[in-house]
Amino acid sequence: MDRSEELSKAFEELAELSEIKGEVRFKVNAYHKAAEIARTHGEELLALDDLKELRKYPGIGEGIAKKILEFKRTGSISKLEELKEEVPVELIALLQVPNLGPKRAKLIYDELGVRTVEELQAAAEAHRLAALHGLGPKAEQNILEGIRHMQTTSGRLLLHTAYRIQEEITRAMAEKLPGLATSPAGSLRRMKETIGDIDILAASLAPAEVMEVFCSLDMADKVLLRGETKSSVLTAEGLQVDLRVVKPEEYGAALQYFTGSQAHNVRVREIAKRDGKKINEYGVFRVKDGRRLAGETEEEVYSSLGMACPPPEIREDRGEVEAALRGELPELVGREDIRGDLHCHSDASDGVADLVEMRKAAERLGYRYLAVTDHAANLKVAGGLERERLLRQVEEIRRLNARGDSSVVLLAGSELNIDNQGGLDYDDEVLSRLDVVVASVHGGFKQDRETVTRRLITAMRNPHVKIIAHPTGRLIGQRPPYDVDLDAVMEEARRTGTALELNAFPDRLDLGDENLMRASAMGVKIALGTDAHRTEHLDFMLFGVATARRGWLSRSHLLNALEPDELLEWLWRGRGRT
Ligand code: DGT
Ligand code: CA
Ligand code: CA
Ligand code: ZN
């Protein structure tokens with residue numbers, strides 16, 4: 001977890017524990033809101049030292065501002081620590097389950113005597129939760145989903161956090177050992193959405209020297225294992241980093257082996273075996289005479305088995321082995337194919353940069369367009385724009401574009417909130433003035449499958465709505481996807497010509513890899529958006545592209561690969577420009 005995630009989590013806990021202690025509603029809500037602000041703005045909040053500056057953020061009052069400063073100074077919030085003393089630890093542990101709020105947790109704790117997550121799971125599976133007053137089968141199902149989500153993400157870091165740490169390590173090592181060949185391996189090289197531990201591979205004829213440098217890195221808080229070819233350290237965040245050093249002639253074989261996935265490697269080994277060959281981290285060998293056939297590069301390793309070399313992102317045994325054998329690997333989208341970002345926020349809603357600053361940042365990234373999609377009127381907590389303010393913003397965007405002094409076209413947009421009936425924030429007259437209408441769900445996450453599905457489908461039937469943002473609503477490690485019939489949503493997206501988003505914000509990556517494969521197979525277009533709330537967030541595109549690659553997407557699947565005029569043509573299709 002990085003510091004902003006920790007801060008966000010602290011406020012979330014504060015909200016839940018305060019609610020258990022019967023704190024007044026507005027305080028509980030203020031803590032929830034602070035958690036959400038920390039999610040998107042944690043880093044910059046923690047960079048401030050001044051109460052006044054902090055209070056400039058909408059939603060941050062004196063009390064919250066003081067707590068942020070305290071967290072910055074001490075790493076914790078005393079009010080939270082006090083509450084933790086007062087609430088039973090077992091109950092606090094139950095609160096970690098996503099989809100289980102304080103009221104229900106307490107009820108289950110008191111009425112059923114449930115003390116651990118295991119007991120909670122058992123009680124849910126035996127349908128003992130549904131029988132409690134105020135719960136019912138849907139709530140029980142949601143809690144089980146929450147437990148499952150927790151089990152698959154606990155102890156794992158978000159891709160972007162692990163990626164930054166890896167970059168730092170690689171940079172520090174390169175300083176001490178210029179010219180050393182290193183590469184990430186494991187899940188990080190495959191750019192999986194969460195990372196268990198970081199694997200790094202190096203090629204050197206002097207491994208002892210490499211190990212020495214690695215084990216004495218500043219970020220190596222603790223050395224867990226120090227060997228001749230493998231060492232493991234723990235960072236201050238509690239993340240394990242494994243370094244393996246191999247001989248240059250074995251680098252390709254080791255890279256192939258340690259990149260995985262394990263499922264992919266099992267299949268590759270089968271293929272070698274069928275062919276009278278053996279593959280391990282040292283190379284590919286012919287069984288009958290032990291002759292070494294390959295090992296220096298990954299390409300040679302795969303080609304010695306009659307395969308093309310699959311990009312690391314798709315090595316998950318989802319058909320890439322067969323495709324590599326046939327020589328028919330997909331041409332995956334690359335960062336250089338991306339012409340722009342289709343989801344961001346300015347300081348008009350809950351972002352911090354103005355239109356000109358956002359546009360400058362997009363210029364630096366080499367983009368041709370940037371869609372400004374500030375929150376719409378109904379999402380008041382995120383500073384949603386009332387009709388008049390939105391129309392003024394549209395005018396400002398048109399004026400900026402008309403100046404012709406930028407390589408980036410700003411697209412006037414909005415991120416609408418899909419309400420409980422599938423209704424949207426503005427009337428068609430307003431929507432018909434926007435280039436990009438994005439719609440998404442921001443509440444009612446625990447509704448039943450039919451209701452949520454109907455909301456999304458109703459929104460897509462509005463001809464102005466062209467993109468559904470973060471279609472499953474998940475927050476990795478915090479909130480599982482809402483219950484929704486994605487097949488029905490994808491089918492309607494295809495039918496209505498609506499794109500589904502790949503939201504690249506680090507804890508969203510939504511749609512995720514497998515859903516992207518399904519959507520593109522159905523002929524649904526994908527819109528990449530970082531959901532940037534500040535200029536630096538535009539860099540999340542890296543993880544969006546990586547996730548697109550994991551979903552086997554090529555440039556033809558992505559709206560963002562279109563040139564500006566092609567994109568505008570697509571966005572205005574079937575709407576009638578006014
Ligand atoms: P992670 O760390 O849980 O995010 O996932 P990975 O894929 O990085 O897994 P890790 O760190 O346990 O192992 C790194 C790679 O080593 C893995 O992707 C495949 C490779 N490998 C080769 N043989 C084995 C094996 O017998 N067991 C495991 N776990 N990995 C193996
Ligand atoms: Ca790993
Ligand atoms: Ca590992
Ligand atoms: Zn957004």
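Note that ligands are numbered from 1 as they come in the structure, with each ligand's atoms numbered from 1 the same way.
When all heavy atoms are compared, the tightest approach of His442 to Ser440 is CE1-OG, 2.8 Å.
Residue Tyr257 places at least one N or O, backbone or side chain, under 3.5 Å from an N or O of ligand 1. No N or O atom of Asn265 sits closer than 3.5 Å to an N or O atom of ligand 1. The shortest N or O to N or O distance between Gly196 and ligand 1 is under 3.5 Å.
No side-chain N or O of Gln262 forms a donor-acceptor pair with one of Asp317 less than 3.5 Å apart. Donor-acceptor pairing under 3.5 Å is recorded for the side chains of Gln447 and Arg455. Side-chain contact of Asp354 with Ser346: a donor-acceptor pair under 3.5 Å is absent, judged by distance alone.
For ligand 1, the atoms sitting less than 4.0 Å from at least one non-hydrogen atom of Arg190 are 7 (O), 18 (O), numbered in the order shown with element in parentheses. Below 4.0 Å from some heavy atom of Gly186 lie the following atoms of ligand 1, by number and element: 8 (O). Within ligand 1, the atoms closer than 4.0 Å to a non-hydrogen atom of Ile195 are 4 (O), numbered from 1 in the order shown.
The main-chain N or O of Asn417 is found under 3.5 Å from a side-chain atom of Asp425 such that the two form a donor-acceptor pair. Remark: side-chain polar atoms of Asp275 are not paired, donor with acceptor, to backbone N or O of Lys277 under 3.5 angstrom.
At the Zn ion (ligand 4), the vertex angle linking NE2 of His345 with OD1 of Asp531 is 80° (nearest 10 degrees).
Contact annotation: Cys344 places no N, O or S atom under 2.8 Å from the Zn ion (ligand 4). Here Asp242 does not reach the Ca ion (ligand 2): none of its N/O/S atoms is less than 3.0 Å from the metal.
A perpendicular orientation is assigned to the rings of His537 and His533, their planes being inclined by more than 60° (bins at 30° and 60°). Using bins of under 30°, 30° to 60° and over 60° for the plane-to-plane angle, the ring pair His41/Tyr57 lands in the tilted bin.
Using a non-hydrogen distance threshold of 4.0 Å, Thr259 registers as a contact of ligand 1. Contact analysis leaves Lys192 out of contact with ligand 1, as no non-hydrogen atom separation drops below 4.0 angstrom.
Using a 4.0 Å cut-off between charged side-chain N and carboxylate O, Glu363 and Lys360 make no salt bridge. Using a cut-off of 4.0 Å between Lys/Arg side-chain N and Asp/Glu carboxylate O, Glu249 and Lys247 are scored as not salt-bridged. Ion pair Glu320/Arg190 not flagged as a salt bridge, since none of the NZ, NE, NH1 or NH2 atoms sits closer than 4.0 Å to an Asp/Glu carboxylate oxygen.
The heavy atom nearest to atom 1 (P) of ligand 1, considering only Ser187, Ser261, Ala263, Pro184, is found in Ser187.
The proximity of Asp197 to ligand 1, defined as any non-hydrogen pair under 4.0 Å, involves the side chain as well as the backbone. Contact annotation: for Arg156 versus ligand 1, heavy atoms closer than 4.0 Å belong to the side chain alone.
The Ca ion (ligand 2) lies closest to atom OD2 when only the N/O/S atoms of Asp199 are considered. Nearest N, O or S atom of Glu415 to the Zn ion (ligand 4): atom OE1. Looking only at its N/O/S atoms, His343 has NE2 as the one nearest to the Zn ion (ligand 4).
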